[in-house]
There are 2 protein chains.
Amino acid sequence: MDLHQLADCLKALGDPTRLKIIALLNLRDFCVCELIPIFNISQPAVSKHLNRLKTSGLVTENRRGQWVFYSLNRKKLEEIGYGLNHLPDFSTEIEELDKQGLLVKCD
Amino acid sequence: MDLHQLADCLKALGDPTRLKIIALLNLRDFCVCELIPIFNISQPAVSKHLNRLKTSGLVTENRRGQWVFYSLNRKKLEEIGYGLNHLPDFSTEIEELDKQGLLVKCD
DNA sequence: TATTGAAATAACCATATCGTTATATTACTA
DNA sequence: TAGTAATATAACGATATGGTTATTTCAATA
């Protein structure tokens, strides 16, 4: 997962409603209609939050008859934790800028 | 760190520029003027990103003469990783809603 | 097959975000 | 102390975000 993908996932998690959805999905799968009464927002709003989490790969959906249940992608969540603890190393980029004389010296 | 604070930190990290700043500060401290040529944005834009990271507690500033150097708050970053791996447990809230008959049954 | 219910999508609105340029503040220095 | 350099703040604009209501899609069922 590169920096931009990591930022995208963190942004998806950086909303209280979505983060609580993730915490709920950590307990068990939920369908959309179960989530609606938990949050004081409309069904489309819940759907959009779930879609945002889905496009970042944080949740998966699967239809059971009339209902669509969402599951937490624990692997993705672990990847994010790992990504935060192993941030990309920009040393060579800094050196490169230095060689090109584009780096300011402050001391 | 509660859910809202965690979401706030994740939101702060959920921007490619700010996440790269965090990755850079993981190497060493940087002052504002060093960061400007690394990103193709203006000085005030860099200042604002740093301020956003500071208000979430992810970085600290300290002035050295004319320059203001920013440091990564590694403890905070660890807290966030920990928070992601130990999400709050909403079991009792779900049970409470169930007792009040506010929980939908989907099966 | 017509109806019902769940979820997704569309269209819209208010506010937040992230960039800009201009200006103010702060600290060093001639 | 006047001038310069670094940083912060102010004011503004374009786009993104997160909510709404209305409508569409899809699956189950009378």
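Below, chains carry the letters A, B, ... as their sequence lines are ordered, and counting in each starts from 1.
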Worksheet item: About how many Å separate CG of A:Leu13 and CZ of A:Arg18, when rounded to the nearest 0.5 Å?
Response: 8.5 Å
Worksheet item: Which part of the nucleic acid, if any, lies within contact of A:Glu34, taking any heavy atom under 4.0 Å across all strands shown: a base, the sugar-phosphate backbone alone, or nothing?
Response: nothing
Worksheet entry | side-chain N/O B:His49 vs C:dT17 OP1/OP2, d < 4.0 Å | no
Worksheet item: Is A:Tyr70 touching bases, backbone alone, or none of the nucleic acid, heavy atoms closer than 4.0 Å?
Response: sugar-phosphate
Worksheet item: Within the distance-only criterion (no hydrogens, no angle test), does the side chain of B:Glu93 pair as donor or acceptor with the backbone N or O of B:Phe90 below 3.5 angstrom?
Response: no
Worksheet item: Want to settle it: does B:Lys48 or A:Pro44 sit nearer the 5' end of DNA chain D, counting the closest nucleotide to each?
Response: B:Lys48
Practice prompt. Tell whether A:Gln66 reaches the base of C:dA7 with its side chain through a donor-acceptor pair below 3.5 angstrom.
Written response: no
Discussion item. Less than 4.0 angstrom from a charged side-chain N to a carboxylate O is my criterion; do B:Lys20 and B:Asp15 meet it?
Written reply: no
Worksheet entry | Polar side-chain contact A:Gln43-C:dA8 base: donor and acceptor under 3.5 Å | yes
Worksheet item: Rounded to whole angstroms, how far apart are CZ on B:Arg64 and P on C:dC28?
Response: 13 Å
Worksheet item: Could you give the distance from CZ (B:Arg52) to CG (B:Leu58), rounded to the nearest 0.5 Å?
Response: 8.5 Å
Worksheet item: Under 4.0 angstrom, heavy atoms only, what part of the nucleic acid is A:Asn51 near: base, sugar-phosphate, or nothing?
Response: nothing
Worksheet item: What's the CG-P distance between A:Leu50 and D:dG19, to the nearest Å?
Response: 12 Å
Worksheet item: Do A:Leu25 and A:Phe30 touch side chain to side chain, with heavy atoms closer than 4.5 Å?
Response: yes
Worksheet item: Of the nucleotides C:dT20, C:dA27, D:dG19, which one has an atom closest to the side chain of A:Thr17?
Response: D:dG19
Discussion item. Just the rounded figure in Å: distance from P of D:dG19 to CD1 of A:Ile36.
Written reply: 13 Å
Item to complete: May I have the distance from B:Ile41 (atom CD1) to D:dT7 (atom P), rounded to whole angstrom?
Response: 14 Å
Item to complete: Would you classify A:Arg18 as touching base, sugar-phosphate or nothing, given that sugar-phosphate means primed atoms plus P, OP1 and OP2, and contacts are heavy atoms under 4.0 Å?
Response: sugar-phosphate
Worksheet, complete the sentence: A:Lys11 atom NZ is separated from C:dT17 atom P, nearest whole Å, by 10 Å
